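Since the structure comes first, as structure tokens, the remarks are kept for the end.
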Amino acid sequence: SGAERGMIVKLNEKKMNIIERVNIDKNDVVFQELSKLSNEENFIMLNHPDLIKARFENKNLGIKSLLYFPFKVDIGLNVFIYIDSTKISYLFQDKDLSLLKIVEVKLKFILEKLFKHKKYNKEYAYKATFEKYKFSKREKEILVYLLKRFQNKEISNKLFISENTVKNHVYNIFKKTGVKRRKALI
């Protein structure tokens, strides 16, 4: 995206744990300000220093563009993705939100696997994704195999359907999720 800083953070009650970060530490003013946003459920996309300054109580954070994208993971985690640029204004666009939604699906899957001490059930892990995109029963079955990196031929053998039928369902899955390639889905 062009952002030079970012992090993925797990939120507990009044506590932020960094899962991954690039060029931001816990003493960073941005980190402190983001802790105040932890209960918000909507994304924030700001592309001008004046807008950012206004949003953060007139504090000059030295940031020209930022994107804050919170989401919940079915195992009871609140997580957010934060990226910013100290060099480029108007860096983020609506298409970046679409990409983050794909990242969200992948991260949910990964985080649910990482925190298996909570009862991990694969069907439960996929439930939110299935509901969000309103997949048919067959699309759900195929999506599970796609996320496991199965090829069309392997899926057709597992489900006892033709490879062309699999291709049609994969096309519908791509259309519903807005992705164009298998790699973007996985």
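Model, not experiment: these values are computed from the prediction. Along the sequence shown, the residues carry numbers beginning at 1.
Using a 4.5 Å heavy-atom threshold, the side chains of K140 and V144 count as separate. Two residues are said to be in side-chain contact when any heavy atoms from C-beta on lie closer than 4.5 Å; I44 and L66 meet this criterion. The closest side-chain heavy-atom distance from R55 to L46 is below 4.5 Å.
Of all the heavy atoms in T177 and Y133, the pair that sits closest is CA-CE2, 3.8 Å. Summarising the geometry of S65 relative to I52, their closest heavy-atom pair is N-CD1, 3.7 Å, with the distance given to 0.1 Å. Considering every non-hydrogen atom in both L91 and N47, the closest pair reads N-OD1, 3.2 Å.
Salt bridge absent: K101 and E104 never bring a charged side-chain N and a carboxylate O closer than 4.0 Å.
Separating the OG atom in S89 from the CG atom in L51 is a distance of 9.5 Å, to the nearest 0.5 Å. If you take CD1 on I142 and CZ on F135, they are separated by 11.0 Å, rounding to the nearest 0.5 Å. Here the straight-line distance linking atom CZ of R138 with atom CD1 of I173 works out to 11.0 Å at 0.5 Å rounding. Put simply, CG on L143 and NZ on K148 are 11.0 Å apart, with the number rounded to the nearest 0.5 Å.
There is a side-chain donor-acceptor pair under 3.5 Å between R182 and N152.
Listed by chain and number, the residues in a ring-ring contact (aromatic ring centres under 6.0 Å, His included) with F69 amount to none (sequence neighbours excluded). Residues meeting the ring-ring contact (aromatic ring centres under 6.0 Å, His included) test with Y82, sequence neighbours left out: none. Considering only residues two or more places apart in sequence or on other chains, F150 meets the ring-ring contact (aromatic ring centres under 6.0 Å, His included) condition with Y145. D94 is linked by a side chain to side chain contact (heavy atoms under 4.5 Å, CB included) to M45, L97, counting only residues two or more places apart in sequence or in another chain.
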**side-chain contact (heavy atoms from CB on, under 4.5 Å) between I81 and Y68, intermediate numbers included** = CA-CA 6 Å; I81 298 171; Y68 168 83; over 6 Å; no
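Residue pairs meeting the salt bridge (charged side-chain N to carboxylate O under 4.0 Å, His left out) criterion with at least one partner in residues 159-178, sequence neighbours excluded, are E139-K176.
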In residues 154-162, what donor-acceptor pairs under 3.5 Å come from side-chain atoms, sequence neighbours left out?
unit_1	atom_1	unit_2	atom_2	d
E154	OE1	Q151	N	2.6
S156	OG	K153	O	2.8
N157	ND2	K153	O	3.4
S162	OG	T165	N	3.1
S162	OG	T165	OG1	2.8

